There are 2 protein chains.
Amino acid sequence: MPEATVARLPVYLRALNALAETGRTTVSSEALATASGVGSAKLRKDLSHLGSYGTRGVGYDVQELVFHISRALGLGQRWSVVLVGVGNLGQALAGYGGFDDRGFRIAALLDADPARTGELVAGLPIRLLSDLADVVRDEGVSIGLIATPAAGAQDVCDRLVACGVRSILNFAPTVLQVPEDVDVRRVDLSNELQILSFHEHRKAAEAEVVPA
Amino acid sequence: MPEATVARLPVYLRALNALAETGRTTVSSEALATASGVGSAKLRKDLSHLGSYGTRGVGYDVQELVFHISRALGLGQRWSVVLVGVGNLGQALAGYGGFDDRGFRIAALLDADPARTGELVAGLPIRLLSDLADVVRDEGVSIGLIATPAAGAQDVCDRLVACGVRSILNFAPTVLQVPEDVDVRRVDLSNELQILSFHEHRKAAEAEVVPA
DNA sequence: CCGACTTTGTGCGCGCGTTCACAAGCGCGT
DNA sequence: ACGCGCTTGTGAACGCGCGCACAAAGTCGG
Ligand SMILES: NC(=O)c1ccc[n+]([C@@H]2O[C@H](COP(=O)([O-])OP(=O)(O)OC[C@H]3O[C@@H](n4cnc5c(N)ncnc54)[C@H](O)[C@@H]3O)[C@@H](O)[C@H]2O)c1
Ligand SMILES: NC(=O)c1ccc[n+]([C@@H]2O[C@H](COP(=O)([O-])OP(=O)(O)OC[C@H]3O[C@@H](n4cnc5c(N)ncnc54)[C@H](O)[C@@H]3O)[C@@H](O)[C@H]2O)c1
């Protein structure tokens, strides 16, 4: 399964859920592609990696597709995640309702600041970072979210890896060094802004050269 | 300039700034590549798109590279951004200090909820969404951040586009429909988690087949 | 039952991006 | 001055992913 396809499956899944809520039972590749912001050929090729679940002349059954994509993504089970760093961003993440809907459960909130231990955030008590090993073992955690400042991110990452966590989502603006069997995905706001800045800059330059 | 290269330039820039703070004045492609999590050949090819600013046998001058990458990304000027949707996530974004450092200024906070108008968040008053056109004109806003629920995102997006904003960073889990001269980048947390879920799932399946 | 229409699944060619490998270039020690 | 070692910049090969285009396959109306 191509990595590029995997990255798009969640988008399709969301579009399908939205369609299901409107009562649609079937959808064509063209319609689903438009709703997902991709071309229809690409969509069909992506779906073909899951098997042949479409009906020629009709399209795809919405529920069936939801099931197969969910299964391919491993969403059959509920994944437990641990959130490290309950600051500005961490609190927003803890209070976000969009996790539960999609099969993810925040098992615990950890922070290095002892002054915050015991504080309730979104119904969960903040625990000390030193509890990490216990949390991972007891709660069956397999995904770690890092929302600490950049300075502490690598250390937190190393601890997660030492506890057996092999999937990490990193919000700190750092490139984490990990063993090759560990997956790290970065969400970096400033990066995104700078990429937008580049294009905005380019557009402005073009408008300069060709004013009318 | 290849899009893939543009997406990596901010990463190099951050690594360079970190190096500069340690007092390093020059850096080899090998060292910078490791710090950025890429291969050295890829790094050199990326940098070659900016010009030839390295010295053979020595490496790159850190400050000089910072300058050239910043210029290529259009970071010479301060970009004004408007944040729409000051909820859970919006507040975290408003309070984030990482914008100013990198040349971005939050010009205004907008929300549809009249009950919150005037409330101060991170030193800025929340204004009504209907002020959007004024804000964009008066503050020279060129980038919009959407942090509203998915249901309102497309409407907000349309308003931004109508006001002349051509670069949008979307945190809502929706695919926005925009004219082709508008750039939209998505930051979707659930997407990232589901991609991690896929790999975790796959790793677990492999461990099952080959237990030892 | 048949023919027209719709939509899937995919073979194929192409273009972009990555990687390898090395010649050219620069500094430094002698 | 000169050669040695290090590092850049890049040509060339490779591989992946994208989009086109179409045959296969199914539906639906008559
Ligand atoms: N706030 C945002 O909107 C935003 C946006 C993009 C990126 N980020 C990034 O997310 C990260 C967190 O941002 P924030 O605004 O929440 O910062 P913050 O300072 O508000 O919160 C950081 C929290 O992490 C805790 N912490 C510090 N070191 C730790 C460690 N080693 N182990 C465990 N916990 C530790 C602190 O006690 C604090 O509670 C930063 O790296 C920031 O760059 C934040
Ligand atoms: N909280 C998180 O950590 C998190 C993580 C990932 C994604 N998101 C996404 O970010 C978005 C915001 O999440 P949140 O947790 O802050 O939600 P929230 O409900 O806390 O805040 C939403 C804010 O947007 C305002 N709003 C609603 N409709 C609006 C409109 N049409 N125009 C202007 N403002 C409007 C509301 O008044 C509210 O203040 C959602 O789409 C969510 O899926 C949030």
Side-chain angles (χ1 to χ4, degrees), chain A residues 1-12 15-16 19 24-69 72 175 180 186 191 195 198-199 202, chain B residues 1-12 15-16 19 24-69 72 175 180 183 191 195 198-199 202:
Chain A
M1 172 105 57
E3 185 60 32
T5 294
V6 174
R8 283 186 295 267
L9 289 181
V11 180
Y12 304 151
L16 285 167
L19 282 170
R24 284 285 292 272
T25 59
T26 64
V27 64
S28 71
S29 63
E30 191 62 41
L32 183 55
T34 303
S36 305
V38 300
S40 62
K42 196 191 287 191
L43 171 71
R44 287 198 299 276
K45 188 153 290 188
D46 283 342
L47 295 184
S48 75
H49 290 289
L50 306 176
S52 288
Y53 300 117
T55 306
R56 291 165 196 244
V58 178
Y60 300 89
D61 182 90
V62 174
Q63 296 297 342
E64 193 180 358
L65 215 43
V66 167
F67 173 77
H68 287 296
I69 293 179
V175 175
E180 64 172 341
R186 293 182 60 202
N191 267 28
I195 295 170
F198 170 85
H199 291 295
R202 193 179 42 72
Chain B
M1 171 106 56
E3 184 60 32
T5 295
V6 174
R8 283 186 294 267
L9 289 181
V11 180
Y12 304 150
L16 285 167
L19 282 170
R24 284 285 291 271
T25 58
T26 63
V27 64
S28 71
S29 64
E30 190 63 40
L32 183 54
T34 302
S36 306
V38 301
S40 62
K42 195 190 288 191
L43 171 71
R44 286 197 301 274
K45 186 148 289 189
D46 283 341
L47 295 185
S48 75
H49 290 289
L50 306 178
S52 289
Y53 301 116
T55 306
R56 294 167 195 244
V58 177
Y60 300 89
D61 181 272
V62 173
Q63 297 297 343
E64 194 181 358
L65 256 196
V66 167
F67 173 78
H68 286 294
I69 293 179
V175 175
E180 65 173 342
D183 280 319
N191 265 30
I195 295 170
F198 171 85
H199 291 295
R202 193 179 41 74

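The structure displayed is predicted, hence computed values, not measured ones. In what follows, every chain begins at residue 1, and chains take the letters A, B, ... in the order their sequences are listed.
If you check every strand for non-hydrogen atoms under 4.0 Å, Gly54(B) touches sugar and phosphate atoms only. At the heavy-atom level, Gly39(A) lies nowhere under 4.0 Å from the strands shown. Here Glu3(B) lies in heavy-atom contact (under 4.0 Å) with sugar-phosphate atoms only.
Arg56(B) contributes a side-chain N or O that forms a donor-acceptor pair with the base of dT8(D) under 3.5 Å. A donor N or O paired with an acceptor N or O is not found under 3.5 Å between the base of dG17(C) and the side-chain atoms of Lys45(B).
Nearest to the side-chain atoms of Ser52(B) among the listed nucleotides dA21(D), dG27(C), dG9(D) stands dG9(D). Distances were taken from every side-chain heavy atom of Lys42(A) (C-beta onward) to each of dG17(C), dA21(D), dC18(D); the shortest belongs to dC18(D).
Atom OH of Tyr12(A) and atom OG1 of Thr5(A) lie 7.0 Å apart (nearest 0.5 Å). Here Asp46(A) contributes atom CG and Ser29(A) contributes atom OG; the two are 11.5 Å apart, rounded to the nearest 0.5 Å. Rounding to the nearest 0.5 angstrom, the gap separating the CD atom in Gln63(B) from the NE2 atom in His68(B) is 11.5 Å. Note that CG of Leu32(A) and OG1 of Thr26(A) are 11.5 Å apart. Values are rounded to the nearest 0.5 Å.
Between the CG atom of Leu65(A) and the C1' atom of dT7(C) there is a distance of 14 Å, rounded to whole Å. In this structure, Tyr60(B) atom OH and dG25(C) atom P are separated by 16 Å, rounded to whole Å. Look at CG on Leu50(B): it is 15 Å from C1' on dT10(D), rounded to the nearest Å. Whole-Å rounding puts the Leu43(B) CG to dT19(C) P distance at 12 Å. Between the P atom of dG9(D) and the CD atom of Glu30(B) lies a distance of 15 Å, rounded to the nearest Å. Rounded to whole Å, atom C1' of dG25(C) lies 18 Å from atom OH of Tyr53(B). Per the geometry, CZ belonging to Arg44(A) stands 10 Å off C1' belonging to dA21(D), to the nearest Å. A straight line from CG of Leu47(A) to C1' of dT7(C) spans 13 Å, rounded to a whole angstrom.
The shortest non-hydrogen separation linking Ala7(A) to Asn191(B) is O-ND2, 4.4 Å.
Of the side-chain N and O atoms in Ser29(B), one or more sit less than 4.0 angstrom from OP1 or OP2 of dT8(D). Distances shorter than 4.0 Å separate some side-chain N or O of Arg8(A) from OP1 or OP2 on dC18(D).
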